[in-house]
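Here is the structure we will look at.
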Amino acid sequence: MDALILGFSVALSLDNLAYCFLGVLLGTAIGVLPGIGALAAVSMLLPVTFYLSPTTALILLAGVYYGAEYGGSTASILLRLPGTPASAVTCLDGYPMAKQGKAGIALFMTSIASFIGGSIGIVVMMVLTPLIMTMALAFGPAEYFAIILFGLIAAGTVAQGSPIKGLIMIVFGLLIGCIGTDLNTGVVRYDLGFYELQDGINMVVLAMGLFGVSEVIASINRPGGEIVQKRIALRSMLPSREEWRLSVPAILRGSAIGSLFGPLPGTGPSLASFMSYVLEKRVARDPSRFGKGAIEGIASPEASNNAAVQTAFIPTLALGIPGTATMAIMLGALMVHGIQPGPRLVTQNQELFWGVIASFWIGNLLLLVLNIPLIGIWVSILRIPYKLLYPAILILICIGVFSVNNNYFDIWMVLIIGLVGYGLRLLDFEPAPLLIGYILGPLLEENLRRGLLLFRGDYMGFLQRPISGTLLVLALLLILYVIWSRYRAARRSAALADQAG
């Protein structure tokens, strides 16, 4: 309790409170707009955080992240266009409810479910993060190398899309992380003759290009939807007693699933919301209601994705290993300020750690208070034509990139990376593992070198230590499982083709 009181004293300072409010407000507004999402929003705001204290920077970015998950459901319900990937499941029952004239009830329930799910996720985070940090204090270079390698492989294989393509993107990210001057030898690597690359590719440039510019390009031809209900009265937002009876257990089940999936590498809120929807359909007395306006199909996924957003901070803060691309940007923001996330974060930066956790409580409460009365404003935002919206986003991206180093080279780089990111999307390569590989690559190399110095160049030393050896074996088993799954899928496809022939 003393630590939490310290956290609230930090989070309730005027600056932190103002940036928490700004973060959740911007996050909700961006989440409402289809096709942008939290990842692009956090990338765009990253340059702003360079001028803030580390605690304030993390409070702002985190507010944008979970604020976007709150707002993502609005477009899903009113337009059948998900504002964020995690809110795609909300379309299945949210849009039918809106067509039945129950858009207000659906939007109200998403706010309540998001608040409860986020609150449960915060409690789980408060309990688990210090415990994991305490255990991780016994880690040495070998253990850090093994757990980073395992996290990279898990993030590549468990992420959306093909596991093989996910691993390819992880390796691509590791190679990009090698660009620049090697701090140990002073050798310049992969600079292609450009002196601007001797310091490596800036994380802001990479994140904005991959998730900002490429998202805008991909969304240019996205058709807009017709808003089902243009006016929503506050009276129409109150659920009936039966709707409450169905929603409360669904919210609790969704929160539990989100808290479980949030810390796992490569899963995040999207998979959590999908799994919670599947569970609700399984336990329902009448599964045929789903897809036609079942309120549990909204309550459970919304609670799940917000719980997953909060618990995703557990491995990032406790071990310094991000499970998603958004968490990788959060990690990079701390590293820019000279703070290394990991087991010593609580002991060395108590104000930062508990201040951020306290800000989560404040931010969730602000979102609950803001979302319900401001629904009319969010509906108005959805009427903005995309042809006006996306050029403004591109201009903001270029301004943000230029402001980091006052360098025109970075603007060209972000545009080139944006085109590359769009090309990767067309080829069904998920860009998120690339950013995770880029962030963790230097840490992986650093701990590998330290371990080799400790073991006098003997690679077997990594396998002989119990924790690192176990993690390396698990990483190998994960790769073998992916290969076996692909082999079985290929054999099944061949068998089906023979039967068809």
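Between M330 and L61, the shortest heavy-atom distance links the atoms CE-O, 3.3 Å. Listed here is the closest heavy atom pair of G254 and S276: CA-CB, 4.1 Å. Heavy atoms only, all atoms of each residue included: Y19 and L60 are closest at O-CD1, 3.6 Å. Here the closest non-hydrogen pair linking G94 and I298 is CA-CD1, 3.6 Å. Nearest heavy-atom pair across Q100 and K292 is NE2-O, 2.7 Å. The heavy-atom pair separating T470 from P466 by the smallest distance is OG1-O, 2.7 Å.
Rounded to the nearest 0.5 angstrom, F145 CZ and L443 CG are separated by 12.5 Å. From L152, atom CG reaches atom CD1 of I170 across 5.0 Å, with rounding to the nearest 0.5 Å. Atom CG of L476 is separated from atom CG of L149 by 10.0 Å, given to the nearest 0.5 angstrom. To the nearest 0.5 Å, atom CZ of residue F8 and atom CH2 of residue W354 are 10.5 Å apart. Within the model, atoms CD1 of I120 and CD1 of I251 stand 9.0 Å from one another, a figure rounded to the nearest 0.5 Å. Interatomic distance, S300 OG to I295 CD1, rounded to the nearest 0.5 Å: 12.0 Å.
Remark: N364 pairs with Y70 by the side-chain hydrogen bond (donor to acceptor under 3.5 Å, both in side chains) rule, at least two apart or across chains. Under the side-chain hydrogen bond (donor to acceptor under 3.5 Å, both in side chains) criterion, R245 pairs with E242, not counting sequence neighbours. For S240, the side-chain hydrogen bond (donor to acceptor under 3.5 Å, both in side chains) criterion is met by E243, not counting sequence neighbours. Not counting sequence neighbours, the partners of L26 by the side-chain contact (heavy atoms from CB on, under 4.5 Å) test are L22, L45. Every residue two or more places apart in sequence or in another chain that forms a side-chain contact (heavy atoms from CB on, under 4.5 Å) with I164 is listed here: S162, I168, V482, R486. Considering only residues two or more places apart in sequence or on other chains, V123 meets the side-chain contact (heavy atoms from CB on, under 4.5 Å) condition with W361. When the side-chain contact (heavy atoms from CB on, under 4.5 Å) test is applied to A142, the partners found at least two apart in sequence or on another chain are F455, F462, R465, S468. By the ring-ring contact (aromatic ring centres under 6.0 Å, His included) test, F360 pairs with Y66, F313, sequence neighbours left out. For the ring-ring contact (aromatic ring centres under 6.0 Å, His included) test, residues two or more places apart in sequence or in another chain that qualify with F290 are Y277.
At least one side-chain heavy atom of T55 sits less than 4.5 Å from a side-chain heavy atom of I59. Side-chain contact between I362 and N16 is absent, with no heavy-atom pair separated by less than 4.5 Å. Residues V283 and R253 form a side-chain contact, since some pair of their non-hydrogen atoms from C-beta on lies under 4.5 Å apart. Taking the side chain as every heavy atom from C-beta outward, M169 and L424 approach each other to under 4.5 Å. Considering only heavy atoms from C-beta on, I417 stays 4.5 Å or farther from V213 through its side chain.
For CZ of F429, the number of neighbouring non-hydrogen atoms (other residues, nucleotides, ligands) closer than 6.0 Å is greater than 12.
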What side-chain donor-acceptor pairs closer than 3.5 Å can you find for residues 105-117, not counting sequence neighbours?
residue	atom	partner	partner atom	Å
T110	OG1	A106	O	3.4
T110	OG1	L107	O	2.6
S111	OG	L107	O	3.3
S114	OG	T110	O	2.6
S114	OG	N306	ND2	3.0

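The list of salt bridge (Lys or Arg N to Asp or Glu O under 4.0 Å) pairs with a residue in residues 311-334, not counting sequence neighbours, is empty.
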Legend entry - Worked verdict on I153 versus L474 for side-chain contact (heavy atoms from CB on, under 4.5 Å): CA-CA 10 Å; I153 293 172; L474 287 174; over 6 Å; no

Inset, instruction - Starting from the C-alpha separation in whole Å, work towards a yes-or-no answer on side-chain contact (heavy atoms from CB on, under 4.5 Å) for E280 and D93. - result: CA-CA 12 Å; E280 291 306 313; D93 284 282; over 6 Å; no

Inset, instruction - May I have the step-by-step check of side-chain contact (heavy atoms from CB on, under 4.5 Å) for M125 and I357, ending in yes or no? - result: CA-CA 8 Å; M125 180 187 171; I357 287 182; 3.8 Å; yes

Legend entry - L17 and F21: CA distance, side-chain angles, deciding distance, side-chain contact (heavy atoms from CB on, under 4.5 Å) verdict: CA-CA 6 Å; L17 195 59; F21 176 81; over 6 Å; no

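Checked by atom type and distance alone, the side chain of N305 pairs as donor or acceptor with a backbone atom of P301 at under 3.5 Å. In terms of modelled atom types and a separation under 3.5 Å, the side chain of T311 and the main chain of A307 share a donor-acceptor contact.
Between W484 and Y487, a ring centre-to-centre spacing shorter than 6.0 Å is recorded.
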